[in-house]
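Just so it is clear: chains get the letters A, B, ... in the order the sequence lines come, proteins before strands, and each one is counted from 1. None of these values were measured; they are calculated from a predicted model.
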Amino acid sequence: MRRIALQMLFGDSAKFYGILLGLTFATLLITQQSAIFVGLMTRTYALIEEIPQADLWVADPTLQFVDDTKPMPVTALDRVRSVQGVEWASPLFKSILVAKLPNGGRQLCDVVGVDDATLIGAPATVVEGKVEDLRKPDAIFVETRGAGKQLMQPATDDPNGPKRPMRVGDVLELNERRAVVVGIAETRPSFQNVPTIYTTYFRAIGFAPANRRTLSMVLVKAAPGQDIGELERRIERETGLSAYTPDEFSWKTLDYWMKQTGIPINFGMAIALGFLVGVAIAGQMFYNFTLDNLKYFGAMKAMGATSAQLLGMVALQGLSAGVLGLGLGLGVTAAFGLSIPADRLAFKLIWQLPVLSTMAVTIIVVGASSLSMLKVIRLDPKEVFSG
Amino acid sequence: MSDEGAIDTRGMVKTYGTGDSAVRALRGVDLSARFGEMVALVGPSGCGKTTFISILAGLLSRDGGSLRLAGVDPDTLDNRERTLWRRENVGFIFQQFNLVPQISVVENVAIPLLLRGMRRTEAIERSMALLERVGLKGRERNRPTALSGGQQQRVAIARSLVHGPRILVCDEPTSALDGATGQRVMELVREQGCRPDRLVVLVTHDERIFHFADRIVHMDDGLVTRVADAKSEVAALRAAVAAERPA
């Protein structure tokens with residue numbers, strides 16, 4: 001009877017494709033919107049992932065997320081360095097500044113200043129130039145996405161003519177100070193989607209407007225054998241600053257964006273809409289499909305089909321539609337993710353998302369199947385005699 | 001005909017609802033029938049025919065009276081046992097055929113066998129043979145919707161007989177068909193369905209097929225009002241029709 005159940009489903013092509021379309025679309029909406037949400041949220045702590053050398057990040061206690069820089073006095077660096085168990089501590093500057101481009105245009109840029117001596121915090125993947133070139137006068141690195149988009153320059157003398165990506169040798173101004181591009185690096189896309197400029201700490205301070213407090217964060221490496229948690233508590237106790245492991249700092253950042261912005265609600269609504277589409281289209285259509293076949297189920301019941309046999313048929317029909325719809329939806333979502341470049345769209349399909357979609361589709365299919373089964377169980381076989 | 005009692009019911013009562021809204025569908029039906037017979041239940045709408053065959057087919061429980069169906073009282077069986085008893089012993093021909101449109105003709109015929117757990121290849125083989133007997137050789141792989149009404153009812157006949165039931169219940173088998181097709185369908189029911197070890201119960205309004213039955217059981221208002229030999233009943237009907245014709 002399993003084969004007959006499947007033939008009943010596949011044979012009613014209008015309803016079958018309707019159910020399939022509903023489930024596919026629901027899966028697509030749920031998974032794709034979740035993946036974009038995860039992609040966006042992951043970008044909020046991109047800088048933390050860019051600097052894997054640090055065991056701890058030390059910042060002002062009022063800091064809410066990684067981009068929320070609350071400058072500290074430079075003496076904070078020495079206070080951290082003096083804590084027992086710290087192998088090294090490096091300064092990090094981070095601020096949004098306006099860059100004046102060679103063509104006269106202005107562009108907001110995220111300027112990151114890394115330790116002059118060790119260059120800890122400099123980008124790991126260099127596409128052009130050498131990280132050590134950052135020590136040259138006025139040297140800066142730009143990242144590929146910014147260089148190829150917001151920082152593009154006219155390729156000819158005509159300012160309105162074709163444009164080319166920013167390249168090594170280009171000169172721009174940051175706070176009326178000269179900055180020379182000495183390298184291009186590839187970095188993780190950030191949430192703010194502004195070009196990131198890397199330079200040394202002291203040069204970055206020079207680029208920024210005068211401020212007594214210039215230290216954005218301190219990157220800390222624990223001494224060999226030092227317990228990280230213990231060091232974290234010791235730094236907080238002895239300096240009055242806040243220290244976070246990269247994981248904690250990422251979660252703190254994520255927590256801020258989740259609780260303080262409307263992003264989760266917006267995406268949540270889109271995901272809920274996907275679920276409702278599934279319920280409204282696929283669920284209802286599956287239920288109608290069962291209703292349409294009720295007289296045949298009734299005839300089978302009269303002929304001696306047990307309730308278990310009929311329920312098995314309905315369950316198999318629901319399961320098949322669910323698996324196919326889910327598979328197609330996930331496939332389309334993956335194809336969508338693969339077809340759009342990462343710098344265009346934040347899209348991160350982590351393994352939990354297909355699980356989430358599977359759960360949603362399961363709820364839709366089980367719900368619709370259960371209602372259908374109820375109808376089949378309550379079916380009075382003598383009704384087949386009613387004509 | 002076999003002397004064994006296929007149906008023996010006395011004082012069968014069935015009431016729907018309770019209190020003021022109660023409807024007494026059967027008010028004490030008495031009927032006996034033997035294997036090998038074709039019994040036609042006739043009567044006006046609402047006289048209790050459908051209720052009576054539903055009980056005879058093991059689809060409905062009675063409220064009172066006694067019933068033996070092939071030696072069994074279906075009301076002594078629990079739901080599952082009754083379903084299994086029905087699966088083994090009862091075949092159905094429905095007014096609207098009730099053929100599953102998404103599957104082939106031969107698969108429709110095989111349903112009662114598949115329900116019993118028979119292997120698919122064997123069930124299909126047996127169904128093919130029966131389809132040949134009802135004149136549908138070559139149409140086995142068609143969908144039911146590709147067949148005419150008469151052909152669909154032939155498929156339904158094959159489906160009702162494929163598992164060799166002892167009781168064949170035919171509910172208005174010709175009402176969805178034109179006169180000539182109805183006659184051919186009933187010839188087939190008579191030819192293929194009637195066997196010494198099988199009782200055929202036919203519910204019909206169609207006087208043109210009365211002659212296929214052995215006995216006519218008239219029902220009215222929940223009671224069996226008259227049981228007549230089909231031959232004499234048909235002869236009387238023909239005489240009445242002839243008398244009404246202008247000379």
Practice problem: Among A:Thr333, A:Thr31, A:Thr362, find the one that has a side-chain hydrogen bond (donor to acceptor under 3.5 Å, both in side chains) with A:Ser357. | Solution: A:Thr31

Quiz item: Under 3.5 Å, is there a donor-acceptor pair between the B:Thr51 and B:Tyr16 side chains?
Solution: yes

Exercise. Find the distance between OG1 (B:Thr50) and CG (B:Leu59) and round it off to the nearest 0.5 Å.
Key: 11.5 Å

Practice problem: Pick one of side chain, backbone, both or neither for B:Glu172, based on which atoms fall under 4.5 Å of a heavy atom in chain A. | Solution: neither

Self-check item: Residue selection (most heavy-atom pairs with chain A, distance under 4.5 Å) from B:Ser104, B:Pro101, B:Ser160
Solution: B:Pro101

Quiz item: Just by distance, do the side chain of B:Lys49 and the backbone of B:Gly43 share a donor-acceptor pair under 3.5 Å?
Solution: yes

Self-check item: Ring geometry between A:Phe16 and A:Phe10 (parallel below 30°, tilted from 30 to 60°, perpendicular above 60°)
Solution: perpendicular

Quiz item: So, the side chain of B:Arg116 versus the backbone of B:His163: is there a donor-acceptor pair under 3.5 Å, distance only?
Solution: yes

Quiz item: In terms of heavy-atom proximity below 4.5 Å to chain A, should B:Val203 be classed as side chain, backbone, both, or neither?
Solution: neither

Practice problem: Under 4.5 Å heavy-atom distance to chain A, tell me which part of B:Leu84 shows up: side chain, backbone, both or neither. | Solution: side chain

Self-check item: Part of B:Val100 lying under 4.5 Å from any heavy atom of chain A
Solution: both

Self-check item: Options A:Ala305, A:Gly11, A:Ala308, ranked by heavy-atom pairs under 4.5 Å with chain B, top entry
Solution: A:Ala305

Quiz item: Contact part of B:Arg82 toward chain A, heavy-atom cut-off under 4.5 Å: side chain, backbone, both or neither?
Solution: neither

Self-check item: Part of A:Gln7 lying under 4.5 Å from any heavy atom of chain B
Solution: both

